[in-house]
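Sequence lines set the chain letters: A, B, ... in the order given, protein chains first and strands last, and positions in each chain run from 1.
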Protein chains: 2
Amino acid sequence: MTKSVLVLDDFLPYRLSFTSNLVSDAIASAYETLFGLSIPEWRLVAVIAENNGITQQMIGARTRMDKVTVSRAAIALTGRGLLKRSVNPADRRSQLLVLSRQGRELYGQIAPKALALEKQIFGALDKKALAAFVATLKRIEAVVGTAHFLPAAE
Amino acid sequence: MTKSVLVLDDFLPYRLSFTSNLVSDAIASAYETLFGLSIPEWRLVAVIAENNGITQQMIGARTRMDKVTVSRAAIALTGRGLLKRSVNPADRRSQLLVLSRQGRELYGQIAPKALALEKQIFGALDKKALAAFVATLKRIEAVVGTAHFLPAAE
DNA sequence: TGAAAATAGTATCAATTGTTACCAGTATGA
DNA sequence: TCATACTGGTAACAATTGATACTATTTTCA
């Protein structure tokens, strides 16, 4: 029987968040200095590059970003001429997002840098460990995504 | 040769942050509803329970929380009577933090809940996968902690 | 149809978080 | 020992983030 003592360093949610923040901070500051993009902004660029003509709503669903966050990022990117928005003829409340030529160019610069950064951070791990790691992340997502964690009042 | 295309869903820093946020949100809302504690506050409680008489500065170093965050959490906990602070005789700028009786009682309630929550989330994974997962997290920390990621201007 | 409910997106406001400036105390070393 | 530089902690401020309210449009169904 294992001792039921809580040690913060061994507490998995803490470990996970600690590591994740470490990585996010490193990446965020790299993007900020290299391209002047915040993380939400760079995520929009990436998602739109993959899915031309996507709507903000869909981006929010896909990335779990708040719709306000998405809206602000979209406005900022449009203001910088990286993004073009046109009314969605199928639903005039929403708009279709497309990268402008400049946006595509920027993306062309970002993508390899992002991959290089990823390699710098994760490249040291061997393929099997990495695959297992990703699989575990997905399993966690599945559990957390479906369950809820508030024990009925007691 | 692998195709060098960036797919957001396959981009590890993104996956990691996505999953971590999912878990953090679930945990944060559980603590908030059960005990009225924010994540920083609950971390302080945990760290102080483990290290009686620790200083804020040390907590910051250990958890990578900003010293202002630590300060606020400490003030809030003290205000709620969960924490006692006494001047550090060895260095009168700093204070030694100790849980009050109520604080220890609360911790006594929190700790098992936290472990239960952890089990709910990670219990589905088998031990080996879990150990590998933690090992990978630590390797990532080591890499990110030491390297810096801003390619010299180019 | 057309009135009521729902949705995409934005603006406004509130809360959280980080930055900077500061104060009290400590260490250094001329 | 006293001037200078440094550190722990907090206060005041700025920026970021999230919650709420609102507008324009679409969907539903009586």
Side-chain angles (χ1 to χ4, degrees), chain A residues 17-18 20-22 24-29 31-33 36-44 47-48 51 53-80 83-98, chain B residues 17-18 20-22 24-29 31-33 36-44 47-48 51 53-80 83-98:
Chain A
S17 137
F18 187 93
S20 167
N21 289 340
L22 218 53
S24 290
D25 289 354
I27 300 247
S29 82
Y31 285 176
E32 173 59 42
T33 15
L37 291 181
S38 70
I39 293 255
E41 285 167 14
W42 119 254
R43 278 185 186 168
L44 283 219
V47 174
I48 297 167
N51 309 291
I54 196 175
T55 64
Q56 295 184 189
Q57 193 279 121
M58 290 192 272
I59 295 177
R62 204 162 160 332
T63 60
R64 259 182 56 90
M65 285 193 276
D66 191 275
K67 68 176 179 170
V68 176
T69 309
V70 174
S71 168
R72 285 196 267 246
I75 290 170
L77 291 173
T78 308
R80 287 178 53 186
L83 186 61
K84 284 207 177 134
R85 308 204 272 183
S86 55
V87 182
N88 180 356
D91 181 342
R92 297 218 306 273
R93 289 168 301 182
S94 70
Q95 309 180 48
L96 305 178
L97 309 187
V98 191
Chain B
S17 137
F18 186 93
S20 167
N21 289 340
L22 217 53
S24 290
D25 289 355
I27 300 245
S29 82
Y31 285 175
E32 173 59 41
T33 14
L37 291 181
S38 69
I39 293 254
E41 285 167 16
W42 119 256
R43 278 184 187 170
L44 283 220
V47 174
I48 296 167
N51 309 293
I54 195 175
T55 65
Q56 296 184 190
Q57 191 279 120
M58 289 192 273
I59 295 176
R62 204 163 158 331
T63 61
R64 258 183 55 91
M65 285 193 277
D66 190 275
K67 67 176 180 170
V68 176
T69 309
V70 174
S71 167
R72 285 197 267 246
I75 290 170
L77 291 174
T78 307
R80 286 179 54 186
L83 186 61
K84 285 207 176 130
R85 307 204 271 183
S86 55
V87 182
N88 180 355
D91 183 341
R92 297 217 305 274
R93 287 167 302 183
S94 71
Q95 310 181 50
L96 305 178
L97 309 187
V98 191

Legend entry - N/O (side chain, A:R85) to phosphate O (OP1/OP2, C:dT10) under 4.0 Å: yes
Inset, instruction - Decide whether B:R43 and B:T69 meet the rule of one side-chain donor and one side-chain acceptor closer than 3.5 Å. - result: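 No, because no side-chain N or O of B:R43 sits under 3.5 Å from a partner of the opposite role on B:T69.
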Please find the pair of heavy atoms, one from [X] and one from [Y], that lie closest to each other, and give the distance.
X: B:S17; Y: A:S24; value: CB-OG, 3.8 Å
X: B:S94; Y: B:T55; value: OG-CG2, 3.9 Å
X: A:R80; Y: A:L37; value: NH1-CD2, 3.5 Å
X: A:A28; Y: A:I39; value: CB-CG1, 3.8 Å
X: A:I75; Y: A:R85; value: CG1-NH2, 3.7 Å
X: B:E41; Y: B:G36; value: OE1-O, 3.9 Å

Legend entry - Strand contacts (DNA chain C) in residues 36-43 of chain B, 4.0 angstrom heavy-atom criterion: none
Starting from [atom2] on [N], measure out to [atom1] on [X] and report it in whole angstrom.
X: A:E32; N: D:dA15; atom1: CD; atom2: C1'; result: 13 Å
X: A:R64; N: D:dG18; atom1: CZ; atom2: P; result: 10 Å
X: B:M65; N: C:dT16; atom1: CE; atom2: C1'; result: 15 Å
X: A:N21; N: C:dT17; atom1: CG; atom2: P; result: 12 Å
X: B:I59; N: D:dT7; atom1: CD1; atom2: C1'; result: 17 Å
X: B:D66; N: D:dA11; atom1: CG; atom2: C1'; result: 14 Å

Inset, instruction - Sugar-phosphate atoms are those with a prime plus P, OP1 and OP2; base atoms are the rest. Using that split, label each nucleotide of nucleotides 3-8 of chain C B, S or - for protein heavy atoms under 4.0 Å, 5' to 3'. - result: ---BBS
Legend entry - Pairwise 5' ranking along DNA chain D for A:T69 and A:A90, keeping only the more 5' one: A:T69
Legend entry - Under-3.5 Å donor-acceptor pair between A:R72 side chain and D:dG18 base: yes
Inset, instruction - May I ask you to decide if A:K67's main-chain N or O and A:S71's side chain share a donor-acceptor pair within less than 3.5 Å? - result: no
Legend entry - Point-to-point distance, once rounded to the nearest 0.5 Å, from CG of B:L44 to OG of B:S38: 8.0 Å
